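The structure appears right after this line, and notes come after that.
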Amino acid sequence: MHSLSLNGEFIHYQLDGPSHLPLLVFSNSLGTDLRVWDPLLPELKDQFRFLRYDKRGHGLSSCPPAPYQLDDHIDDLIGLLDALELSQVTLCGLSVGGLIAQGVAAKRPQLVKNLILCDTAHRIGPASGWDTRIDTIRAHGLEYIADAVMERWFAASFRQEKTAEVALWSNMMVRTPVEGYIGTCAAIRDADLTASSAALTQPTLCVVGDEDGATPPDLVRSTAELIPGARFEILANAGHLPCVEQPKALAALIRDFLAEVTEPLSRYEQGMQVRRSVLGNAHVDRAEANKTAFDQPFQSFITEGAWGSVWSRPTLSKRDRSLITIALMAALGHDEELAMHIRATANTGATLDEVRETLLHLGVYAGVPASNVAIRIAKETYTGMGIAIDGGKN
Ligand SMILES: O=C(O)CC1=CCC(=O)O1
């Protein structure tokens, strides 16, 4: 678990995925913590790494007394990005997280390369509604409003079919500290980003669920019309949390949008990305540091040819290519490369049992001596990696 002391509060955050991949930063909605992105992340994990955090008054972050200003939340996220030395990120905000995202993009434009605004607006009113909600929670607690909130969060069919899951999300909401929840209600009530969001320069995608009862499609459309050049999309069969209800469809929109606004990678850049994802940063950094004019053309050739062309192709997964490569290195007696590709299984997902079967298979087609040497090298390599070789099935 990681936290940073920012603006006098501890902010809990989580960074997932290999560092060579482009970064998506997420900011959560009212009454949710960073787990709200759990259903979405597996859909995007091959293309991105992720920074998630709990805003003040939510999740594991500290909870100062209410009320908060939107600027408190904005400054927390700016502090987090600065402390982690991150800039030019793609920032994805959900509901009040989308207000925070717009605020960060306006206040520190260099930090934000692209904006993804889910079920949010430049102003989420009316103020009287937030005052009523604050008074109701002060009088009766969060449980009292839970059913009404679930109706805004989730489409009718989801509520009917996924009763157990809805109960868990409701638990997350009602377990939010009351001070954190109403502190953030006050921040939403007082926020009006009309002027600053009209001046945003980042490519922006605005997404909304067709059954969103908190920030309905027309409201989100008005924000998309305000932000210069913003793209607007409606997701079918989703309420206020499409990352929970429609993670595949939302991931597809995010991928399409980022592909549209991102310069395509050169063959070399693509190769470097895949090479790092398979062999690991430490290995590639070492190879780069040892590179001289003598082997520079060869390094470019393998980066572009092997990694940027063949390993980058679809159809076979990295795990498939990993096992094929291990079989070939073993059959051809390339011991050093065999050990390197066994170490790479930590990144490709090929398991010890699968490598063992591959080397057994090798004995039939390449001969027992090749298999025998390869099994010895595999045992030495796994031991060097700190992996217990006796843990596999018999
Ligand atoms: O709780 C709701 O009604 C939904 C919501 C409004 C702002 C936010 O972040 O969530």
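On a predicted model such as this, the values are computed, not experimentally measured, just so you know. Read the numbers this way: they start at 1 and go in the same order the structure lists the ligands and their atoms.
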| field | Under 3.5 Å donor-acceptor, T348 side chain and R319 backbone | value | no
| message | Does anything in residues 203-232 form a salt bridge (Lys or Arg N to Asp or Glu O under 4.0 Å)? List the pairs, not counting sequence neighbours. | response | D218-R221, R231-E233, R231-E260
| request: Please list, chain by chain and in numerical order, all residues satisfying salt bridge (charged side-chain N to carboxylate O under 4.0 Å, His left out) with D76, sequence neighbours excluded. | output: R56
| field | Residues which pass side-chain contact (heavy atoms from CB on, under 4.5 Å) with L332, listed by chain and number, not counting sequence neighbours | value | H334
Which N or O atoms of ligand 1 sit under 3.5 Å from a protein N or O, and how far apart is each pair?
| unit_1 | atom_1 | unit_2 | atom_2 | d |
| --- | --- | --- | --- | --- |
| ligand 1 | 1 (O) | R133 | NH1 | 2.8 |
| ligand 1 | 3 (O) | R133 | NH1 | 3.4 |
| ligand 1 | 3 (O) | R133 | NH2 | 2.8 |
| ligand 1 | 3 (O) | R152 | NE | 2.7 |
| ligand 1 | 3 (O) | R152 | NH2 | 3.2 |
| ligand 1 | 9 (O) | L30 | N | 2.8 |
| ligand 1 | 9 (O) | S95 | OG | 2.7 |
| ligand 1 | 9 (O) | V96 | N | 3.0 |
| ligand 1 | 10 (O) | S95 | OG | 3.0 |
| ligand 1 | 10 (O) | H240 | NE2 | 3.4 |

| field | K45 bridged to D16 by N-O distance under 4.0 Å | value | no
| message | Can a side-chain donor-acceptor contact be found between S128 and D131 if the only test is distance below 3.5 angstrom? | response | no
